[in-house]
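This report concerns only the one structure given below.
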Amino acid sequence: MQLRQSNIERLADGAVYDTLIIGGGINGAVCAAALAGRGVKVGLVEQGDFAGMTSMWSSNLIWGGIKYMESRDFKLVRELCVSRNHLIKHYPSTVQEIRFLTTITKSFRWHPLMLWAGTWIYWLFGNGFTRVPRLPSLSTINREEPVINTEPAIGCFEYSDAFLHDNDARFVWNFVRTAMNSGCVAANYVEATGFERQGDLWHVGLKDVMSGREWTVKTKTLVNACGPLADRTNALADKHTEHRHVLSKGIHLIVDQITPNKRVLAFFDEDGRLFFAIPMGTRTCIGTTDTRTEDPHAAITDDDVKFVLDNINARLSLGKPLDRDDIISTRCGVRPLAVQNTSGKDRDFLQLSRKHEIDSDINQGFISIFGGKLTDCINVGEEIVDLVKTMGIDIRFPDYRWYGEPVDAVRDEFFHQARLMKLDDYTDASASEPLSTRLWRRYAAHAIGILEYIREDPRQAEILIEGTEYIRAEVRQAARREMITKLEDFLRRRSKISLVSRQETIRQSAGLMEACEILFGDQAQKRFDEYFRDHPVTNGIARDPGAGPLPADGATNDPATEHQEKTAAQRQEGDFETLNW
Ligand SMILES: Cc1cc2nc3c(=O)[nH]c(=O)nc-3n(C[C@H](O)[C@H](O)[C@H](O)COP(=O)(O)OP(=O)(O)OC[C@H]3O[C@@H](n4cnc5c(N)ncnc54)[C@H](O)[C@@H]3O)c2cc1C
């Protein structure tokens, strides 16, 4: 909390920023890391928590988008494959290559051999950086992945892409933290409420949504990285842009691991769209959907759940089909897709390009980012640095590499120290990987500080919240360095505890209150109560804010509407603490 408070004081001390970034999703986070690393005086404000919107609801894939080949978006696929390779190379412990095993059923619109040829073209688009595609026979699939129902299948193919070993929100957070290490002044739960250009400066109204405090900050340039809310922000700033957003809802269901093999199972759903069963530690994440919506806060519906369950059950041979009781948690978000502002509303939005677009007003120092993918994030950061430069901002360190894991010498030092203190002996029997591997991936150079906590007190290496892998020392580190303002920030975004554990398990964990005390001090009980108030369990499943409550089986009510009404009501009541996801 102290880090956030001191950053808010700095944002309010009257200083003029070179660039103020509005929105702390992946796009805002990479802009902050790129600009701050290159020597620009940057501020970053996020109205909820960092990665509290679209960037915590992705499929966690870092991929070239093989499915966009069907819409002949070859340029995008080529660019995304190169971006994917770049991330695998620079984040070897976080962004990892993974095999995708795709099953094709009878009467599919493409012949298997065409698809097989397509995977080779895809591989070539990626410069052959990943393992070569494979064409396993159905009997091989029966042997290797007996969970797949091969009865309706006529073929399979396997190729490589990559995924985020931890989760999207953690990936975003690490860019925010990197930005702060380079001097960026960032704060979560601070909303930009108004924009006015006076002379050469933007005057931006800010509001601390935790305390209600309001003030104005001055900046030479502004970056609108508000994702699905970018159009709203442009309207507030009276900016007319070449692009705007069309929104598409996607949901995921998290269930117990359906196969022990670490590979993505890919299928075509009944509408012919690719959907996946993606490994998530001891769980599997199934999705996604692609439904047009006008609502940036769209919520999960009964139909969404049924659609995913029906499709996955039709393609797997499980002893017992998956049902609602198997769902541990849900994810639901909207993709902001960039379209020309002049384009009509009736375009087939499934065919819309997933490429990002950046509009700018050079004279007024205003930039808007539309669309995009996590996969393309480094390019977004680089493009924004170039644009800010053309707006007259001095880029003092143009050659500084602002992304990537630390150099080998730092890594070697960490693992050497870890070996000397026999760190991996502390690994819990239930853990999915050695403690040293996990700490390095999550904290990189700052994992060395965690070793110090454990040297001081070996209890720091104990798992604090039962059923998870998070040790006491990590919670201490999070309290100091990770700007955790609400309990959800820790349970859902800095960690993925609430994604992979049932709500009741979390609530009953004896260590949770101790975690709250470490994170929030005398506010511990308040934050604990707030979390369980804001995350009611519906049908045994915790609601991910934004995902909305899971409707009762066969319910006819529309939770999207309920969620919208609730949000509107909260706005009127001024309940800012529950508003801003
Ligand atoms: C279901 C789904 C699956 C996806 N899967 C993948 C995938 O596998 N791989 C991939 O590469 N991409 C994927 N994507 C796309 C990717 O997640 C998005 O493109 C990306 O997260 C968008 O990031 P963003 O920063 O633009 O938006 P966001 O993450 O939404 O960030 C915008 C932020 O701005 C904040 N904000 C808005 N207004 C204000 C204000 N006035 N003041 C302060 N803050 C404000 C919001 O609170 C929000 O946090 C997926 C998307 C979805 C929905």
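Both ligands and their constituent atoms are indexed starting at 1 by order of listing.
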**Message:** Tell me the contacting part of Thr375 for ligand 1: side chain, backbone, both, or neither, using a 4.0 Å heavy-atom threshold, strictly below.
**Reply:** both
**Asked** With a 4.0 Å heavy-atom cut-off (strictly under), which part of Trp63 contacts ligand 1: side chain, backbone, both or neither?
**Response** side chain
**Prompt:** Centroid-to-centroid, Phe100 to Phe276, below 6.0 Å?
**Reply:** yes
**Request:** Before accepting this row, confirm whether a basic side-chain N of the pair Asp489/Arg527 lies closer than 4.0 Å to the acidic partner's carboxylate O.
**Result:** no
**Asked** Where does Val334 meet ligand 1, judged by heavy-atom distances below 4.0 Å: at the side chain, the backbone, both, or neither?
**Response** backbone
**Asked** For ligand 1, does Leu236 get within less than 4.0 Å through its side chain, its backbone, both, or neither, judged by non-hydrogen atoms?
**Response** neither
**Request:** Between Cys226, Ser59, Ser55, flag the one that comes closest to atom 22 (C) of ligand 1 by a heavy atom.
**Result:** Ser55
**Asked** Using heavy atoms and a threshold below 4.0 Å, how should the contact between Asn27 and ligand 1 be classified: side chain, backbone, both, or neither?
**Response** both
**Asked** Mind checking what makes side-chain hydrogen bond (donor to acceptor under 3.5 Å, both in side chains) contact with Asp166, not counting sequence neighbours?
**Response** Arg441
**Prompt:** Within the side chain of Asn127, is there an N or O that forms a donor-acceptor pair under 3.5 Å with the backbone of Phe129?
**Reply:** no
**Request:** Measure Ala225 to ligand 1 on non-hydrogen atoms and call it side chain, backbone, both or neither using the 4.0 Å cut-off.
**Result:** backbone
**Request:** Can you figure out which of Arg335, His252, Glu191 has its heavy atom closest to atom 51 (C) of ligand 1?
**Result:** Arg335
**Beyond-backbone contact of Leu274 with Phe268, side-chain heavy atoms, under 4.5 angstrom** = yes
**Asked** At a 4.0 Å threshold, what atoms of ligand 1 neighbour a non-hydrogen atom of Gly250?
**Response** 1 (C)
**Message:** Below a 4.0 angstrom heavy-atom separation, can you tell me which part of Val190, side chain or backbone, both or neither, approaches ligand 1?
**Reply:** backbone
**Message:** As a check for students: among Thr193, Leu374, Val172, identify the option with a heavy atom nearest to atom 12 (N) of ligand 1.
**Reply:** Leu374
**Complete:** A student checking ligand 1 against Gly372 at a 4.0 Å heavy-atom cut-off should list atoms 18 (C), 19 (O)
**Message:** Show me the pairs that pass salt bridge (charged side-chain N to carboxylate O under 4.0 Å, His left out) and involve residues 215-224, at least two apart or across chains.
**Reply:** Asp18-Lys220
